[in-house]
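It should be emphasised that the depicted structure is a prediction, and the values quoted were computed from it without experimental measurement.
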Amino acid sequence: GMPLYRIEGYQKMLGIPLPSSTQWDLIEQVANDIYPVFYHLEYLAAQGHLTHLDDTNVRILSKMKEHPYLKDLKLRKGSFTTGVISYYQDHIIHLNYSSSNHAGENMTRLLNQRHKNLPPIKYMCDALSRNKPKEHEVILMNCIAHARRKFVEIELFFPDECAHVIEQIAMVYRHDAHTRAIKMDDAQRLRYHQTHSWPVMKELKVLLETQLHDNLVEENNSLGKAIRYTLKHWETLTQFLKTEGAPLDNNILEASLKVPIRIRKNAMFYKTEHGAFIGSMLVSIIQTCQANKVNPVDYLTTLQVNKSQIFKEPQNWLPWNYENQRTVQAVTEATA
């Protein structure tokens, strides 16, 4: 029932045999032809001004096997797919990593490539400590939708208290939607939020603090925990009131993670770390193409046809400039 076996069975019914091993050889061949572009996209992502990231689980069989002589080392057994979206200039770069590393570890390695003269990158993630890079200064932002979700989940049990919190956050989202509808730049959007959303969030914070300090809420029940989470991360949840270009939430990355989640549900697992790397690299390039409104089939075909040039100058064969390079090359060949 695995994807390559399903294709093999379908091709057999069509009378055009295509064994699963041949399919894998073709997939690996594509990866061998295009990996310089992936590494260059990594480099550009590290120079971006804003990044979103999050983790989801993935199964890698070779990592799940327990070797008796490694039992005492307490090695990490879990595997994760880290999704990254980086905004570089006017372009959107998607990166996926499937391994035993957490998001923070993957981002630490990625940000090692960042130029020292650049300001700290705006860094949107949820509040898990493992999502933070340990060796780099960043402008940390947490997802306000995560805080909202904690109240939505218990609204049935605390309807009045939760409804007010949800409505206050909804008001902030309406303000944000207005800034985007009239196409405000980052500076204008920040000033608008400071004028209209800051009073809303200030009132909400006072209300939440009062409920705890005046013992109006049991601190350790589900409502108390939701309030404590929100107050604990207040500074990073309200970064949009202090930093130009700071998003409200991490929803765009969570939507992007649906692709590797769908692969996990469909294919169930990767056999090896090598297979996980190739799968994640191809998904990264396909998603980057889609985010930049480029046909991924045409792009991957062009990379394979021009693989000798890809290795020499990958910066000229990115999703947003490869057509220009292809035209230049065609003109050069025609006049040679």
Is there a donor-acceptor pair under 3.5 Å between the side chain of Q315 and the backbone N or O of H40?
no
Counting only pairs under 3.5 Å, give me each side-chain donor-acceptor contact of residues 163-171, with atom names and distances, residues two or more places apart or in other chains.
unit_1 : atom_1 : unit_2 : atom_2 : d
E167   : OE2    : R174   : NH2    : 2.6

Would you indicate whether the side-chain heavy atoms of N106 and F80 approach each other to under 4.5 Å?
no
Say whether E42 and Y97, considering side chains only, have a donor N or O and an acceptor N or O under 3.5 Å apart.
yes
Kindly determine whether I34 and W317 satisfy side chain to side chain contact (heavy atoms under 4.5 Å, CB included), including the steps that lead there.
CA-CA 10 Å; I34 68 174; W317 295 91; over 6 Å; no
Atom pair CG/OG of L190 and S197 - distance to nearest 0.5 Å:
10.5 Å
Please check if atom CG in N220 has more than 12 non-hydrogen atoms from other residues, nucleotides or ligands closer than 6.0 Å.
yes
Answer whether the closest heavy-atom distance between the side chains of M2 and S20 falls below 4.5 Å.
no
Closest contact, heavy atoms only, S98 versus Y270
OG-CE1, 4.3 Å
Which heavy atom of R189 sits nearest to which heavy atom of G245, and what is that distance?
NH1-C, 4.0 Å
Let me check something: do I252 and L257 share a hydrophobic cluster, defined by ILVMFWY side-chain heavy atoms less than 4.5 Å apart, either directly or through other members?
yes
Backbone N or O of I16 within a donor-acceptor pair of the Q11 side chain at under 3.5 Å?
yes
Can you tell me how far apart CD1 (I85) and CD (Q287) are? Round to the nearest 0.5 Å.
7.5 Å
For T210 and V206, the nearest pair of non-hydrogen atoms, with its separation, is OG1-O, 2.7 Å
Give the minimum heavy-atom separation between N221 and G224, together with the two atoms involved.
OD1-N, 2.7 Å
Do you reckon L241 sits in the same ILVMFWY cluster as M184, going by side-chain contacts under 4.5 Å, direct or chained?
no
For F311, look at atom CZ and say whether over 12 heavy atoms of other residues, nucleotides or ligands are found less than 6.0 Å away.
yes
Mind telling me whether Y192 and H175 have parallel, tilted or perpendicular rings, with 30° and 60° as the class edges?
perpendicular
Check the pair V37 / L41 against side chain to side chain contact (heavy atoms under 4.5 Å, CB included), numbers first and verdict last.
CA-CA 6 Å; V37 167; L41 287 173; 4.1 Å; yes
Could you tell me whether a side-chain N or O of N292 sits under 3.5 Å from a main-chain N or O of V294, the two making a donor and an acceptor?
no
Distance, nearest 0.5 Å, that separates CD1 of I27 from CG of L4
5.0 Å
Angle class for the F240/H193 ring planes (parallel below 30°, perpendicular above 60°, tilted otherwise)?
perpendicular
Answer yes if the side chains of Q325 and N306 hold a donor-acceptor pair under 3.5 Å, and no otherwise.
no
Is Y123 reachable from I144 through a run of hydrophobic residues whose side-chain heavy atoms are each under 4.5 Å from the next?
no
Is the charged tip of R148 near the ring of Y173: under 6.0 Å from the six-membered ring centre and within 45° of its axis?
no
State yes or no: do L300 and V259 share one hydrophobic cluster built from I, L, V, M, F, W and Y residues joined by side-chain heavy-atom distances below 4.5 Å, directly or via other members?
no
Give a yes-or-no answer on whether the side chains of H136 and N112 include a donor-acceptor pair shorter than 3.5 Å.
yes
Between R264 and T81, is any side-chain donor less than 3.5 angstrom from a side-chain acceptor?
no
Carefully, step by step, assess K122 and D186 under the rule salt bridge (Lys or Arg N to Asp or Glu O under 4.0 Å).
CA-CA 13 Å; K122 294 191 282 288; D186 288 344; 5.6 Å; no
Please check this pair: side chain of K150 against backbone of K225, looking for a donor-acceptor N/O pair closer than 3.5 Å.
no
Within the 4.5 Å heavy-atom criterion, are L282 and I278 side-chain neighbours or not?
yes
Just verifying a value: how many Å separate L212 CG and E218 CD, rounded to the nearest 0.5 Å?
10.0 Å
Quick one, R191 and Q188 - any side-chain contact, counting heavy atoms below 4.5 Å?
yes
Whether the side chain of E8 engages the backbone of P19 through a donor-acceptor N/O pair (distance < 3.5 Å, no angle test) should be reported.
no
With a 4.5 Å heavy-atom cut-off, do L303 and Y299 have their side chains touching?
yes
Within this structure, what is the OG-CG distance for the pair S284 and N96, rounded to the nearest 0.5 Å?
4.0 Å
Kindly give the heavy-atom pair with the smallest separation between F158 and S222, and that separation in Å.
CE1-OG, 3.4 Å
Donor-acceptor pair, side chain of D185 and main chain of A187, under 3.5 angstrom
yes
Verify, without hydrogens or angle tests, whether R114 (side chain) and A45 (backbone) share a donor-acceptor contact under 3.5 angstrom.
no
Taking D54 for the side chain and G83 for the main chain, is one N or O donor matched with an acceptor at less than 3.5 Å?
no
Verify same cluster id: V138, L95 (apolar side-chain graph, 4.5 Å):
yes
Does one side chain, of Y229 or N142, offer a donor that lies under 3.5 Å from an acceptor on the other?
no
Heavy-atom closest pair (M141 atom, A246 atom, distance to 0.1 Å) is SD-CB, 3.3 Å
Any donor and acceptor pair, going by atom type alone, linking the side chain of T272 with main-chain N or O of S62 inside 3.5 Å?
no
Rounded distance [0.5 Å steps], CG in N316 versus CD in Q309:
9.0 Å
N/O donor-acceptor pair under 3.5 Å between R130 side chain and E105 backbone:
no
I'd like to know if the side chain of H94 pairs up with that of Q290 as donor and acceptor (distance under 3.5 Å, no hydrogens or angles considered).
no
Heavy-atom count around K12 NZ within 6.0 Å, excluding the residue itself: above 12?
no
Residue pair N131 / D126, side-chain donor-acceptor N/O under 3.5 Å:
yes
Give the intermediate values and the outcome of side chain to side chain contact (heavy atoms under 4.5 Å, CB included) for residues M124 and L253.
CA-CA 9 Å; M124 167 58 76; L253 193 279; over 6 Å; no
Is the CH2 atom of W234 crowded by more than 12 outside heavy atoms at less than 6.0 Å?
yes
Would you mind reporting whether F38 and F277 have side-chain heavy atoms less than 4.5 Å apart?
yes
Before giving the answer on side chain to side chain contact (heavy atoms under 4.5 Å, CB included), spell out for D33 and I310 the whole-Å C-alpha distance, their side-chain angles and the decisive distance to 0.1 Å.
CA-CA 8 Å; D33 291 344; I310 303 302; over 6 Å; no
